There are 4 protein chains.
Amino acid sequence: MNGKSKILFAAKKVISEHGTNRATVRAIAEEAGMSTGAIYHYYKNKEEIFYDLLDESLSDSIRIAKGIKNHVENKEKIKRDVIQKTKERFYKDAENRLQHHFAHEILSGNMDLKQKLKEKYKQWNLGIEEILVNLYGLEDTPLNKALSSWLLGAVDGVILQYLLEVNDNKVEDMMKIFELLIDKGLPEFIQLINAMENKKSQGT
Amino acid sequence: MNGKSKILFAAKKVISEHGTNRATVRAIAEEAGMSTGAIYHYYKNKEEIFYDLLDESLSDSIRIAKGIKNHVENKEKIKRDVIQKTKERFYKDAENRLQHHFAHEILSGNMDLKQKLKEKYKQWNLGIEEILVNLYGLEDTPLNKALSSWLLGAVDGVILQYLLEVNDNKVEDMMKIFELLIDKGLPEFIQLINAMENKKSQGT
Amino acid sequence: MNGKSKILFAAKKVISEHGTNRATVRAIAEEAGMSTGAIYHYYKNKEEIFYDLLDESLSDSIRIAKGIKNHVENKEKIKRDVIQKTKERFYKDAENRLQHHFAHEILSGNMDLKQKLKEKYKQWNLGIEEILVNLYGLEDTPLNKALSSWLLGAVDGVILQYLLEVNDNKVEDMMKIFELLIDKGLPEFIQLINAMENKKSQGT
Amino acid sequence: MNGKSKILFAAKKVISEHGTNRATVRAIAEEAGMSTGAIYHYYKNKEEIFYDLLDESLSDSIRIAKGIKNHVENKEKIKRDVIQKTKERFYKDAENRLQHHFAHEILSGNMDLKQKLKEKYKQWNLGIEEILVNLYGLEDTPLNKALSSWLLGAVDGVILQYLLEVNDNKVEDMMKIFELLIDKGLPEFIQLINAMENKKSQGT
DNA sequence: CATGAATGAGGATTCATTCAT
DNA sequence: CATGAATGAATCCTCATTCAT
């Protein structure tokens, strides 16, 4: 394992064990078994480590979204994939904490980061939308875009509940609801949306 | 306005404007128009300020939840209330930021705050559950609890998207989806849940 | 003696004893008999301490220049003053080192500082020019401006020699030359300049 | 170009462009196209690089001084040479910066460098004195030594003004004054000095 | 000869908290 | 009650130098 990987691995561990705030350079260096100075041989900034980590994580997500999208032939497989990847997110503690950390940085006024994250987020959102298109034949309407934002938001919101330890439900129970939503809830709900859109356009 | 209120008010302003990180005791004292030393006459700790602030903020939320819950007699009115209150949350920027920063504080290892949030969150969650019970005749099963967590999480998640400015949808579009969910989507989805629960218990 | 003065005094001492580079915040704090943190109660930056010091020193110079200029009636007194103040500069080790430090900062690319210093320097230069006007009836020509820059530069250059300890002459000998220059050398030299200017304009 | 030359060349470039502070071993190595470790094959110390560099730079200056001194026979030619070489110095930005940064290094406590500068400066000063002797028949008195220090200092001081961009005069105007000084001002001034010396010795 | 990873001491800065007045 | 000066530990970061490969 080379320097950068060692650092990233250590950072991930420290973050998931003690949170972003206590993930000091010294702590990461110690965990990685090197000196603080060595860290700066590989990374210019502490934030760059974090950013690399987030990038890795978001790139994964985007890659997954794109990967899922590709086997159009088999809807059932896509659904299983979506469910599986969502479930995995619940257990990626370091990544989830990191995502929160960046949100916090942005809300604290870090404009550069905001721009970076925005781009990544948009790609991600598009990935999800495409999945919905493939799965449910969704059209590219404002309401459908809103729906995919709700879905993304729901997952993020629930993950935050788990991070904060205010959600006492078993992950399995949460996932059962999610599965039911993907399998049956969404198809029906999308019909409702389409019905509404049609009514609206007829009325106009 | 007495000392504590002045401090809480100042803290709320500082945090929602500049985040928890920059909400130093000095900054709060300055905003409150007093000296740093004076703060410690009213509060033993910086943490206690945050504690009180979270208390206040959550109590507000719970009051709203309870406010909704009270008129059990009229389901349609409850629905309108839920939708109205949800919509209002989207525009309460300062409160939303505050809540995010508390989340950050908790994720940074502030255990007292976590405990407080946990208690309050439980009450809040219960409030939402009761609303669901009243609206849709929900039973007190693990899956139904999970559902209400998803609902809460979704709203929080979407609000975070707006805070981060990564959600380009109009609030109206987001709310249309939410309305449709409350009015038609959830009743149908809850039937699906119940069907699944029954199937499972029959199978056992 | 209040906080700022204590710090400025300590900084001056440390700088003249060990140079700007070794004038660390810790060293200054120690010399001032306070903790490093205390320094930041009075100054936002280490550089601000230095800047205050330079400001003090330049303001002195400017005030002196203006002060000298004012008693127009007595040329002999002005000369004695100029000589006296120049001599004093040779012994202001801390200020001289500081001036070099800022020059160095500017040459290292600190553009903000450059602007600040430029203004101060211009004021100072003007002060000197006015003295020359009063003493020798100098006219406001490019050549006369050049002359005053040479005078300023000469003093700065010689002071640097002393700082670097490459000038083995006694200060008294250096000052004798300076006195002779002020008393007799400059009047004659200025006549030469004027003669040249006139020849030039006649030739045109 | 061999190793040492490559390093010296790179160091000269880095220092004159970014100053001594940013002339880290890494930066020099990068500029020289080698690794940091390689530097230490040629030089034991970072200081030794600076030492060599100063040596080279001062040797250049001394060579110039000696070059001027050699044709004793023709005073007019010497004057033109002095003026020409002085003028050239104004345009040697990189060398001037380099020299300033060495001054800074010395003021930062680099004692070896100080010693080197002292020796070289003495030689240099002697060169100037000899020129004055040749040109104006100067005697080897303390006051005449002081005069030559003032001349050297003046040029250095004015060059620093140009480096700092606080001197708005045209170089031509500055040089006109210098020429006038060399041609007419100094002969007269030296007479004044001699007169004073004689008066003093008569008085004793 | 060359590489570049690693060290570790040292620097500036921040901030919750205390305490004499 | 109030002030604000002072503390000191913790944080990020830099860089000359060493050394295994």
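Below, read A as the first sequence line, B as the second, and so on, with proteins coming before strands; counting in each chain starts at 1. Only a predicted model underlies this, so the values are computations on that prediction, with no experimental measurement involved.
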- Task: Apply the test salt bridge (charged side-chain N to carboxylate O under 4.0 Å, His left out) to residues Asp93(B) and Arg97(B): give CA-CA distance (whole Å), side-chain angles for both, the deciding distance (0.1 Å), then the verdict.
- Result: CA-CA 6 Å; Asp93(B) 196 69; Arg97(B) 278 171 191 276; 2.8 Å; yes
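- Note on residues 8-26 of chain A: pairs passing salt bridge (charged side-chain N to carboxylate O under 4.0 Å, His left out), not counting sequence neighbours, are Lys12(A)-Glu56(A), Lys12(A)-Glu95(A), Lys13(A)-Glu31(A).
- Here NE2 of His100(D) is found 6.0 Å from NE2 of His104(C). Values are rounded to the nearest 0.5 Å.
- Environment of CD in Glu119(B): crowded, with over 12 heavy atoms of neighbouring residues, nucleotides or ligands closer than 6.0 Å.
- Side-chain atoms of Thr20(C) never come within 3.5 Å of backbone atoms of His101(C) as a donor-acceptor pair (strictly under, hydrogens ignored).
- In terms of modelled atom types and a separation under 3.5 Å, the side chain of Ser59(B) and the main chain of Asp55(B) share a donor-acceptor contact.
- Atom name C1', nucleotides dC1(E) and dT21(F): the rounded distance is 13 Å, in whole Å.
- dA2(F) atom P lies 17 Å from atom CD of Glu30(B), rounded to whole Å.
- Evaluation of the ring-ring contact (aromatic ring centres under 6.0 Å, His included) test over residues 25-55 of chain B, restricted to residues two or more places apart or in two chains, returns none.
- Between the side chain of Asn110(B) and the backbone N or O of Ile106(B), no donor-acceptor pair lies under 3.5 Å.
- Rounded to an integer number of Å, the gap from NE2 of His18(B) to P of dT14(E) is 16 Å.
- Toward the 5' end of DNA chain F, the nearer of the two residues Met34(C) and Ser35(B), judged by each one's closest nucleotide, is Ser35(B).
- Going from atom CZ of Arg22(B) over to atom C1' of dA16(E) covers 18 Å, rounded to whole Å.
- dG4(F) atom P lies 14 Å from atom CG of Asn2(C), rounded to whole Å.
- In this structure, Lys4(C) places its NZ atom 15 Å from P of dG4(F), rounding to the nearest Å.
- For the side-chain hydrogen bond (donor to acceptor under 3.5 Å, both in side chains) test, residues two or more places apart in sequence or in another chain that qualify with Asp156(B) are Arg89(B).
- Side-chain N or O atoms of Asn45(B) include none that pairs as donor or acceptor with a backbone N or O of Glu48(B) at under 3.5 Å.
- Nucleotide dT3(E) holds its C1' atom 9 Å from the NE2 atom of His41(D), rounded to whole Å.
- Regarding contacts with the backbone of dC1(E), every side-chain N or O of Tyr42(D) stays at 4.0 angstrom or more from both OP1 and OP2.
- Within residues 100-112 of chain D, no residue is approached by DNA chain F to less than 4.0 Å at the level of any non-hydrogen atom.
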- Note on the structure: Under a 4.0 Å heavy-atom criterion, the protein footprint on nucleotides 16-21 of chain F, written with B, S and -, is SBB---
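- Of the residues near DNA chain E, Ala38(A) and Ile39(D), the one whose nearest nucleotide (by heavy atom distance) lies more toward the 5' end is Ile39(D).
- By the neighbour-count criterion of 12 heavy atoms within 6.0 Å, atom CZ of Phe9(B) is sparsely surrounded, having that number or fewer from other residues, nucleotides or ligands.
- Lys6(C) places its NZ atom 14 Å from the C1' atom of dG4(F), with the value rounded to the nearest Å.
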- Map every base of DNA chain E to its dot-bracket character, where paired means a Watson-Crick or G-U wobble contact with both distances under 3.5 Å and | marks a partner outside the strand. .||||||||||||||||||||
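- The residue Tyr43(A) sits apart from the nucleic acid: no heavy atom pair falls under 4.0 Å.
- At least one donor-acceptor pair closer than 3.5 Å links the side chain of Asn2(D) to the backbone N or O of Ser5(D).
- Atoms CD (Glu48(A)) and C1' (dT14(F)) sit 16 Å apart, rounded to a whole Å.
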